[in-house]
**Q** 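My questions all concern the structure below.
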There are 2 protein chains.
Amino acid sequence: MTAISKAEDTRQRVLDVAARQFRDRGYAGVSLRDIADEAGLKAGSLYYHFRSKDEIVATVLDIGIALVHEAVERAVAALPQGPSPERLLTTAIRQHLQAFLAYSDYTSANVRIFGQLPPEVRRANLPARQRYEALWDAIIDRARAAGTVRNSVDTATFRLFLLGAMNASLEWFDPARGDVDRLARRYADLALHGLLGRPEA
Amino acid sequence: MTAISKAEDTRQRVLDVAARQFRDRGYAGVSLRDIADEAGLKAGSLYYHFRSKDEIVATVLDIGIALVHEAVERAVAALPQGPSPERLLTTAIRQHLQAFLAYSDYTSANVRIFGQLPPEVRRANLPARQRYEALWDAIIDRARAAGTVRNSVDTATFRLFLLGAMNASLEWFDPARGDVDRLARRYADLALHGLLGRPEA
DNA sequence: GCAGTCATCTAACAAACGTTAGATAGATTT
DNA sequence: AAATCTATCTAACGTTTGTTAGATGACTGC
């Protein structure tokens, strides 16, 4: 049995509760007493684990990005050499959606409340965001190198378009009632071929 | 000169200020004193114009949806008879993005803070949301009737995909520095033909 | 010039906020 | 058994919250 200290256990429970409450009611809409209540301790005790409310939300943000980043990076690295653009992007899309929706309390902090946080908190998490964007740009450019990507499509534009579409699934998709894999197949198909398929001349 | 009552003028100013502050700091992160300060009156005076803070945010939500709904509906109705799917969807996408970004303080309330609002406020605005979704489904189905839409693509899935991608532009696109029309052309191209264009057999 | 409506103000309310200091009980180490 | 460390609690702090009641001065219609 691995020795998990009581503090670490409590800390994790606090973060889980905080992430879910931030998602539902926003950063300012959740008080430390709300979090403490549901995590089974008193508001003052939170300060044994975190220096401030800002530090709690910053930790939630970091965890959310890290989980998705690792999942996508690992899956793409595990592909056989020289995958087709379809295979490469379908894999990245599936992994993003799976991780994103599996840890949706944490990831939704990044989507829903990032823009409402104190500037210092935002600033601290920007590097992690930019690294994840860079990962996607690299994936898209790798697909482009295989030759079948349309030249008229800009990498950053496509990345913003695709991540926007995927991240919005947080607002309506319920993994308990729908099949994430099927969603991923449909979104990959749309991202790669669009509503119509072949463009006109 | 049309006689705009002083009350109506103040009311509009309050809504403008409230929308922008909600966007930046969330619903609970903005106090009535914050709004009153920037609108040039005292917190208590807000109650001459609105019954509660909830009513202010509900009004902001309504305005945001109504502006975009009307813009898209009007532009689609003004198209010549029997437009091609490309023309129809490109027009709808352009209008959505133009209105969405032009009134971004109001529309971002719908995207950013809707999920964090008290359930009664959410419930009151659901019908307007559903009507806008129905408008898009009608547009997509009309394109489908023209025959060139791929059968494998589901209407609701495409609508969620596309609206998600477009609405995310709120988080990064600055109309003062970029060309909304160009963004619309690129997004329409991606939505219709994807990254690759023609799907494989 | 008077009455009434309009739009705003001041001042207060109880409740809730993030945060801190110091006490406390159980576990671990000496 | 004593001393230390760990994790939590209680109780309070000053500030801010949404909201209300009643006063106030400026316009409007007569």
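Each chain gets a letter, A, B and so on, in the order its sequence line appears, and its residues count up from 1.
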**Q** Is there any protein nitrogen or oxygen under 3.5 Å from a nitrogen or oxygen in nucleotides 22-24 of chain C, and what are the pairs?
**A**
none

**Q** Determine whether A/Asp16 and A/Arg20 satisfy the following criterion, salt bridge (charged side-chain N to carboxylate O under 4.0 Å, His left out), listing intermediate values before the conclusion.
**A** CA-CA 6 Å; A/Asp16 285 352; A/Arg20 226 217 35 256; over 6 Å; no
**Q** If you apply the rule side-chain contact (heavy atoms from CB on, under 4.5 Å), what do you find for A/Ile56 with A/Leu32, and how did you get there?
**A** CA-CA 10 Å; A/Ile56 295 179; A/Leu32 293 181; 4.1 Å; yes
**Q** How does each nucleotide of nucleotides 5-20 of chain C score, in 5' to 3' order, for protein heavy atoms under 4.0 Å: base (B), sugar-phosphate only (S), or none (-)?
**A** -SBBBB-B----BBBB
**Q** Between A/Trp136 and A/His96, what is the ring plane arrangement, given parallel below 30°, perpendicular above 60°, and tilted in between?
**A**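 Rings of A/Trp136 and A/His96: perpendicular, as their planes differ by over 60°.
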**Q** A/Thr90 versus A/Leu192: any side-chain heavy-atom pair under 4.5 Å?
**A** yes
**Q** With a sphere of 6.0 Å drawn around OH of A/Tyr103, does it hold more than 12 non-hydrogen atoms of other residues, nucleotides or ligands?
**A**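 No, the 6.0 Å shell around OH holds no more than 12 heavy atoms from other groups.
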**Q** Does A/Phe161 have its ring centroid less than 6.0 Å away from the ring centroid of B/Phe161?
**A** yes
**Q** Do A/Tyr27 and A/Asp54 have side-chain N/O donor and acceptor atoms under 3.5 Å apart?
**A** yes
**Q** Polar-atom pairs under 3.5 Å, protein N or O versus N or O of nucleotides 27-29 of chain D: list them with distances, or write none.
**A**
none

**Q** Donor-acceptor pair, B/Asp34 side chain versus B/Ser31 backbone, under 3.5 Å?
**A** yes
**Q** Indicate yes or no: at least one non-hydrogen side-chain atom of A/Ile35 is less than 4.5 angstrom from one of A/Gln21.
**A** yes
**Q** Mind checking whether B/Leu101 and B/Leu183 have side chains closer than 4.5 Å, heavy atoms only?
**A**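 Yes, their side chains come closer than 4.5 Å.
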